[in-house]
Protein chains: 2
Amino acid sequence: MSAHAHRELTKNQALVFGSLSDAGGPLTAYAILDLLREDGFRAPLQVYRALDKLVEFGMVHRLESLNAFVACSHKDCTGHGSAAFAICEKCGDVREFTPDDAVGLLKNWTESQGFALARTTIELRGTCKGCVASG
Amino acid sequence: MSAHAHRELTKNQALVFGSLSDAGGPLTAYAILDLLREDGFRAPLQVYRALDKLVEFGMVHRLESLNAFVACSHKDCTGHGSAAFAICEKCGDVREFTPDDAVGLLKNWTESQGFALARTTIELRGTCKGCVASG
DNA sequence: CTGTTTATGTTATGTTGTAACACAGATAGC
DNA sequence: GCTATCTGTGTTACAACATAACATAAACAG
């Protein structure tokens with residue numbers, strides 16, 4: 001059982017996380033809302049409030065450059081290092097990875113500047129291997 | 001004379017770039033629109049179209065996590081490496097820097113995956129030196 | 001001088017995200 | 001039991017960010 005399940009999610013949080021897990025890729029908040037209308041969701045705030053908590057828990061990541069959200073691909077997201085994302089602009093696939101070496105260098109820079117780092121956003125846009133091959 | 005000026009900007013592009021340069025920090029498209037109403041701007045598209053070109057030219061960067069835009073801090077932006085940004089959540093200050101070492105490691109990862117990298121987004125959130133000291 | 005490309009102006013609309021207020025359920029302390 | 005508080009929820013309305021579609025004009029190559 002994944003560490004995610006250790007946390008007691010509320011009903012709405014579980015529904016939203018389930019949508020993202022089932023999707024296997026990024027969804028916008030409004031896409032989630034549409035998926036959950038049959039479960040009683042009526043308004044964007046129901047989605048955004050659940051997403052806020054899930055992001056806080058580390059179970060969901062926000063993709064700033066897509067205005068979308070994705071379930072963390074790790075079994076246990078809490079406490080892992082900063083995530084990065086490779087986003088294919090052809091097929092929309094998103095690969096999460098953890099570039100500890102690159103993040104370490106960025107941390108070195110922030111420390112040298114006296115900048116107290118709270119959160120990193122690293123998003124790489126391009127074309128994935130499959131789409132390069134077929135395109 | 002900076003390399004930026006080498007390029008012949010259209011009237012709207014020059015107005016938008018001037019706003020961002022004068023601001024010395026990030027502005028949203030609608031903030032730019034309000035600044036330029038006295039110059040005849042009436043609609044968001046006038047701003048977005050100019051921003052699209054300025055970003056394409058490398059003279060302006062988009063900050064994905066702020067939905068805002070900032071003039072490149074380099075004299076000659078064309079052709080320089082990928083930029084990164086340290087964004088202070090207290091005072092809103094944005095520092096642009098060029099972490100070639102970290103970007104190099106990210107490129108190594110993409111190459112090992114067969115991912116054709118087109119563009120990197122690196123945005124660091126936290127508290128700048130001044131705000132750490134005063135807070 | 002005509003076809004093409006690029007920039008522009010304008011209206012309307014689409015997409016993403018929050019404010020404000022009301023209510024329900026759990027629970028800790030008296 | 002009772003009430004204070006905290007968290008989650010439901011709903012309406014709205015704010016903020018971005019683009020579609022269509023029309024006009026200026027620049028320029030052939």
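Just so we're clear, the structure is a prediction, and the values are computed from it rather than from any experiment. All heavy atoms count here, side chains included; hydrogens, waters and symmetry mates do not. The sequence lines fix the lettering, A, B, ..., with proteins before strands; numbering per chain opens at 1.
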Which comes earlier along DNA chain C counting from the 5' end, the contact point of B:R42 or that of B:Q13, where each point is its nearest nucleotide?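 Nearest-nucleotide comparison on DNA chain C picks B:Q13.
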Step by step, would you call B:V16 with B:K53 a side chain to side chain contact (heavy atoms under 4.5 Å, CB included)? CA-CA 11 Å; B:V16 168; B:K53 286 295 182 183; over 6 Å; no
Nucleotide nearest [X] when distance is taken to its side chain, options [options]:
X     : options                : result
A:T10 : D:dA18, C:dG17, D:dG8  : D:dG8
B:A43 : C:dG17, C:dT11, C:dA19 : C:dT11
A:T28 : C:dT8, C:dG17, C:dT16  : C:dT16

Rounded to the nearest angstrom, tell me the gap between atom [atom1] in [X] and atom [atom2] in [N].
X     : N      : atom1 : atom2 : value
A:F57 : D:dT7  : CZ    : P     : 11 Å
B:R62 : D:dA18 : CZ    : C1'   : 9 Å
A:Q46 : D:dT9  : CD    : C1'   : 7 Å
A:D52 : D:dT7  : CG    : P     : 14 Å
B:N12 : D:dA26 : CG    : C1'   : 13 Å
A:L33 : D:dG10 : CG    : P     : 12 Å
A:F17 : D:dG8  : CZ    : C1'   : 19 Å
B:L45 : C:dT8  : CG    : C1'   : 10 Å

Start at the 5' end of DNA chain D and walk down; is the nucleotide closest to A:P44 or to A:A50 reached first?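 Whichever sits nearer the 5' end wins; that is A:A50.
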Using only atom types and a distance under 3.5 Å, with no angle test, would you say the side chain of A:E111 pairs donor to acceptor with the backbone of A:N108?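 The answer is no, because no donor-acceptor pair under 3.5 Å joins these two groups.
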Roughly how far, to the nearest 0.5 Å, is CD1 of B:I87 from CZ of A:F115?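 That separation rounds to 7.5 Å.
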Compare side-chain N and O positions of B:K11 against OP1 and OP2 of C:dA7 and report whether any pair is under 4.0 Å apart.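 For C:dA7, neither OP1 nor OP2 has a side-chain N or O of B:K11 closer than 4.0 Å.
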Is there a side-chain polar atom (N or O) of B:N67 under 4.0 Å from OP1 or OP2 of C:dT16?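 No, B:N67 has no side-chain N/O under 4.0 Å of OP1/OP2 on C:dT16.
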Is it true that A:D52 and A:R49 make a salt bridge, defined as a side-chain N closer than 4.0 Å to a carboxylate O?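 Salt bridge absent between A:D52 and A:R49.
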Inspect the contact between B:R125 and B:E123 and indicate whether a charged nitrogen and a carboxylate oxygen are less than 4.0 angstrom apart.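 Salt bridge between B:E123 and B:R125, a charged N being under 4.0 Å from a carboxylate O: no.
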Whether the side chain of A:Y30 and the base of C:dG17 hold a donor-acceptor pair under 3.5 Å is what I'd like checked.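 Flag set: donor-acceptor pair detected.
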Looking at the base of C:dG17, is there any donor atom on it, or on the side chain of A:R49, that sits under 3.5 Å from an acceptor on the other one?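 No such pair is found, so the answer is no.
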